[in-house]
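Structure, as structure tokens:
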Amino acid sequence: MTSTNSAYVDRLKSLLDTIDQGSVDGVVLAIKTARTVFIAGNGGSDANASHLALHLNEVGLRAHNLMAEIPLLTAYANDLAYDEVVRKRLRQSATPEDCLVVLRGSGNSRNIVLALAAAINLGVKTVGILGFGGGDSLALCDVALVLASHEYGPVEDAHSAVIHLIQERLLDA
């Protein structure tokens, strides 16, 4: 293993050690008490959103990645604006019994911030699984698990581990 690879693994291990178990519990409670869990992210965080939806469905919860339907996503992005895609999808489907989980590295993506604001206006519980100290999304989350790293790779990898923690806790519940 080269020193660069070793350094990455060391940074990831350190980040995993900082995951706050109380925050994981808060995320799990918000998810398991929701009628439907809507999930959103961009890029690698969108891949993790699909990952989370998969595992929530596996444990018997209703979960949908709002960015997963590519034809709908591209139509809304073209007809409205990319920033409006998640917000529009929430307005069409969400009720106050639901939960929006956002996964973001930076927490500053405009489409995610707008989706959180829309969720609040709809009375939907907001949950953030965030990196970079939470960014602009943090203040809009009822519950948040925040990682302090400012590197996308370790944050996205740690988010994947958090997804497995959530699944494990839901299976044990």
Side-chain angles (χ1 to χ4, degrees), residues 8-68 86 89-90 93-109 112-113 115-116 118-120 122-173:
Y8 180 85
V9 170
D10 290 343
R11 290 192 313 277
L12 179 58
K13 285 179 186 176
S14 294
L15 185 58
L16 291 171
D17 285 339
T18 69
I19 294 171
D20 179 65
Q21 298 304 313
S23 294
V24 175
D25 291 338
V27 169
V28 169
L29 179 63
I31 287 171
K32 76 178 183 180
T33 57
R35 180 185 66 99
T36 302
V37 180
F38 295 101
I39 310 163
N42 295 310
S45 294
D46 179 49
N48 274 333
S50 289
H51 184 194
L52 178 58
L54 167 77
H55 288 309
L56 294 182
N57 283 300
E58 285 177 344
V59 300
L61 299 176
R62 290 175 48 164
H64 304 283
N65 176 0
L66 294 170
M67 301 291 279
V86 179
R89 304 264 343 260
L90 278 175
S93 304
T95 70
E97 295 82 31
D98 298 330
C99 173
L100 171 64
V101 177
V102 298
L103 293 112
R104 281 306 303 136
S106 71
N108 292 323
S109 298
I112 299 300
V113 171
L116 287 164
I120 291 167
L122 293 166
V124 171
K125 182 168 280 277
T126 56
V127 175
I129 301 175
L130 309 165
F132 292 51
D136 294 338
S137 296
L138 182 59
L140 300 170
C141 293
D142 295 313
V143 177
L145 184 147
V146 181
L147 300 170
S149 175
H150 285 71
E151 278 186 272
Y152 284 102
V155 167
E156 290 171 355
D157 288 343
H159 284 173
S160 184
V162 167
I163 289 165
H164 287 255
L165 283 170
I166 292 166
Q167 179 190 27
E168 185 175 273
R169 297 226 176 128
L170 288 167
L171 286 170
D172 290 343

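As the structure is a computational prediction, the values presented were derived from the model and not from experiment.
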Side-chain (Y152) to main-chain (G131) donor-acceptor, under 3.5 angstrom: no
Beyond-backbone contact of L61 with I31, side-chain heavy atoms, under 4.5 angstrom: yes
Side chains of L170 and L56 in contact at under 4.5 Å (non-hydrogen atoms): yes
Nearest heavy-atom neighbours spanning R104 and G41: CD-CA, 4.5 Å
L12 side chain reached by D10 side chain, heavy atoms, under 4.5 Å: no
Heavy-atom closest contact (S109 atom, S106 atom, distance): N-OG, 4.1 Å
Euclidean distance, C99 SG relative to R35 CZ, rounded to 0.5 Å: 12.0 Å
Value rounded to 0.5 Å, distance of CG in D46 from CG in L66: 10.0 Å
Atom of H150, atom of G133 and distance for their closest heavy-atom approach: CE1-N, 4.4 Å
Any donor-acceptor N/O pair, S23 side chain to L145 backbone, under 3.5 Å: no
CG on D136 to CG on N108, rounded to 0.5 Å: 4.0 Å
Residues that S149 engages under side-chain contact (heavy atoms from CB on, under 4.5 Å), provided they are two or more places apart: L15, E151, P154, V155
Nearest heavy-atom neighbours spanning A63 and N57: O-ND2, 3.2 Å
Nearest-0.5 Å distance that lies between atom NZ in K125 and atom CD in E97: 13.0 Å
Taking every non-hydrogen atom, the tightest pair across L90 and A115: CD1-O, 3.5 Å
N48 side-chain N/O to H51 backbone N/O, donor-acceptor pair under 3.5 Å: no
Minimum heavy-atom distance between E156 and S45, given as atom pair plus value: OE2-N, 3.9 Å
4.5 Å side-chain heavy-atom contact, L165 and V27: no
Close side-chain approach of V127 to D142, heavy-atom, < 4.5 Å: no
Euclidean distance, I39 CD1 relative to L52 CG, rounded to 0.5 Å: 4.0 Å
Side-chain touch Y8/D157, heavy atoms, less than 4.5 angstrom: yes
Heavy-atom side-chain proximity of M67 to N42 below 4.5 angstrom: yes
Side-chain touch I166/I129, heavy atoms, less than 4.5 angstrom: yes
Side-chain donor/acceptor of N65 to backbone N/O of A49, under 3.5 Å: no
Sub-6.0 Å ring centroid separation between H164 and H159: no
Atom pair CG (D98) and OG1 (T36), whose distance is rounded to the nearest 0.5 Å: 4.5 Å
